[in-house]
Amino acid sequence: MNSVQQIQEALKADIKQAIIQAELATEAELPAIVLEKPKEKAHGDYATNIAMQLARIAKKAPRQIAEDIIANLDQAKASVNEIEIAGPGFINFFMDNSYLTDLIPVILKEQDAYGKTNAGNGHKMQVEFVSANPTGDLHLGHARGAAVGDSLCNILDAAGYNVEREYYINDAGNQINNLAISVEARYMQALGREWPMPEDGYHGKDIITLGEELAANYKDEWVNKPEEERLAFFRSYGLKYELKKLAADLEQFRVTFDHWFSETSLYEEGKIEPALNVLKEKDYTYEKDAATWFRTTDFGDDKDRVLIKNDGSYTYLTPDIAYHKNKLDRGFETLINIWGADHHGYIPRMRAAIQALGYKANTLEVEIIQMVNLFENGEKVKMSKRTGKAVTLRELMEEVGIDAMRYFFVMRSSDAHLDFDMDLAKSESNDNPVYYVQYAHARICTMLRQATEKGFSINEDFDANLLGTEKEEDLLKQLGAFPQVIVDAAQNRTPHRMTQYVFDLSSNLHSFYNAEKVLDAEHPERTKARLALMQAVRITLANALDLIGVSAPESM
RNA sequence: GUCCCAGUAGCUCAGCAGGAUAGAGCAACAGCCUUCUAAGCUGUGGGUCGGGAGUUCGAAUCUCUCCUGGGACGCCA
């Protein structure tokens, strides 16, 4: 908890105390006291609507209640300068902002750690994301999921949650057989043979490259081998190749995982039967039409789901239930799955499984990432999975750069469709929010560099009382809010909140920069104070950018 | 047909555990570089928050209903 949060908590506690003292409500009746930051500066630093909320309980007019609260509030203790009652019964607090001057030394001292809190209390959670089939290149939807998932993990981590990142590898189903026959076809084609791509094959360019690689390394060695042996080889070779490529692309995209979990391992380690047995023992299953069904309708799904098909094999759901049981067995208290919009229909049955296994429905959270539409020259770029012409993560990284992608993909709320404007993302102009934000950081670096050259030292040895302009105070307040912004973004699972914060802070920095001169030989003391402020802004900007995986350049 | 998401300024979007005069960027218009990077700043105009009803002191926010756009509804994965 930093000084700003301490002040807020203290104020809330004092308000609560005042209400009880004034006998407006008992502690049990009292709703949570919410302090909000008014949009209008004229409405103070904080405002609360508690007087209106208490109107019914206390059976008094809101404004009268507000009077009673104020009368019982020790202003000095709560660091309040001035209180006013406004509108229908808002209580506006104008704070004694001297605490803000303590902020800069804290930020300069904490550096990379500034913003981190223990709000999450080490709550053990796991975020599973991307989890794309190892049968082709990552496309835009995966890229957005990767950016959002990674940023969310960073934010949760900074807010004091104990978070693990996991990638589920679907290496057991039909799609891997299709991968094998696709690799086979590309291998044969690379050797100049007539060998049509099967209907269900993967048409991605990566498989063509893979076929060529095989042809170069093995010549026609595999052409005349028995089909079973050949396909087994292509299967394992293809899987390794694809996984290596996925990991490399993601790493380049600044996304790494703590754990890559193989679906096949569930079979090898016999995890599926025990999971199935839990459902059977609890009588959530039944037999019908020579298949085994899971009664997901008991948990609100609109129809029951098959677990074991009439040919004896499992549906996709069955190992997935075993997988989620495994996650829970590993002791995670909350599971977050980040899925593409096309999987949202899958949520009720997975949540049913969680409950059937004996856990609360909200143990599993599913964040749905809506579609990405790519725009170039003002026109929507058409994508086709069949022809393999979808734009890949790698191509986009090469074309628009990682910083722009990371920023754009988390810029919007995840449940809104995203129009990705390639021209904007590529443009090195003020239209591009990534440049705007990075420029703010680079600008500060330039000032700090020149300050050092001119012999100014940047450290905690400065007089904070020399910082008092409106823009300086705005910056300080915003810096102080950073830890709480992280907590909010973590609790609400809204990483896009972080891009907003970065943008707003950058905007205030640019505004300050144009209004005030930092390096001023005629006012060395004020210069030192402003340099310290600039350093604090720089650290906060860099920390915020780091949370969303965007670099903070020192010059541009 | 059922379910999910969205509908807010000309465009792209914030705001949605109800709160004061609904915000930002872009676009439009008017200004600011002999001064730390103008990749920047300052100002102006712009809205029936998809329509309608309800809940209450108060609704963009909650409920119902209708309209529009997108997605999902396999013994595929």
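Note that the coordinates shown come from a computational prediction; the quantities given were computed from them, not determined experimentally. All chains are named by letter (A, B, ...) in the order of the sequence lines, taking the proteins before the strands, and each is independently numbered beginning at 1.
Ring geometry, A/His343 versus A/Trp339: the interplanar angle falls from 30° to 60°, so the pair is classed tilted. Note: A/Tyr501 and A/Phe482 have parallel aromatic rings, judged against thresholds of 30 and 60 degrees for the angle between ring planes.
Between A/Lys288 and A/Asp304 there is no salt bridge, since no side-chain nitrogen of the basic residue lies less than 4.0 Å from a carboxylate oxygen of the acidic one. Contact check on A/Lys245 versus A/Asp206 returns a salt bridge, with a Lys/Arg side-chain nitrogen under 4.0 Å from an Asp/Glu carboxylate oxygen.
The CZ atom of A/Phe375 sits 13 Å away from the P atom of B/C11 (whole-angstrom rounding). Between A/Asp419 atom CG and B/G25 atom P the separation is 20 Å, expressed in whole Å. As a whole-Å value, the separation of A/Asn177 CG from B/A77 P is 11 Å. If you measure from atom CD1 of A/Ile321 to atom P of B/A77, you get 13 Å, rounded to the nearest angstrom. Distance CG (A/Leu505) to C1' (B/A24): 15 Å, rounded to an integer number of Å. Atoms OH (A/Tyr435) and C1' (B/U37) sit 15 Å apart, rounded to a whole Å. Rounded to whole Å, atom P of B/C36 lies 16 Å from atom NE2 of A/His510.
Note on A/Asn170: nothing from the nucleic acid sits closer than 4.0 angstrom, heavy atoms only. Contacts of A/Ala341 with the nucleic acid, taken as non-hydrogen atoms under 4.0 Å apart, involve only primed sugar atoms and P, OP1 or OP2. If you check every strand for non-hydrogen atoms under 4.0 Å, A/Ala86 touches a base. Among the protein residues, A/Asp200 comes within range of no part of the nucleic acid, since none of its heavy atoms lies under 4.0 Å from any strand. At the heavy-atom level, A/Thr446 lies under 4.0 Å from base atoms of the strands shown. Counting non-hydrogen atoms under 4.0 angstrom, A/Ala290 reaches nothing in the nucleic acid. In this structure, A/Asp302 reaches neither bases nor backbone, as no heavy-atom distance under 4.0 Å exists between it and the strands shown. Nucleic acid contact for A/His496: sugar-phosphate only, since backbone atoms but no base atoms lie under 4.0 Å from a heavy atom of the residue.
The six-membered or imidazole ring of A/Phe408 lies near that of A/Phe420, with a centre-to-centre distance under 6.0 Å.
By the 5.5 angstrom centroid cut-off and the 30-degree plane limit, A/Tyr436 is classified as not stacked against the base of B/A39.
Taking only distance into account, the side chain of A/Asp504 never meets the base of B/A14 through a donor-acceptor pair shorter than 3.5 Å. Taking only distance into account, the side chain of A/His344 meets the base of B/G71 through a donor-acceptor pair shorter than 3.5 Å.
Contact between the side-chain N/O atoms of A/Lys309 and the OP1/OP2 oxygens of B/C76 is found at a separation under 4.0 Å. Considering only side-chain N and O atoms, A/Ser511 lies under 4.0 angstrom from the phosphate OP1 or OP2 of B/U42. OP1 or OP2 of B/A14 has at least one side-chain nitrogen or oxygen of A/Ser413 nearer than 4.0 Å.
Nucleotide B/U48: unpaired (no Watson-Crick or G-U wobble partner with both distances less than 3.5 Å). Across all strands shown, the partner of B/U63 is B/A53, judged by Watson-Crick or G-U wobble contacts whose two distances both fall under 3.5 Å.
Checking B/C36, B/A20, B/A77 against every side-chain atom of A/Phe90, the shortest atom distance belongs to B/A20.
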**Study point:** Pair A/Asn508-A/Lys471, side chain to side chain contact (heavy atoms under 4.5 Å, CB included): steps then yes or no
**Key:** CA-CA 7 Å; A/Asn508 275 346; A/Lys471 291 188 190 301; over 6 Å; no

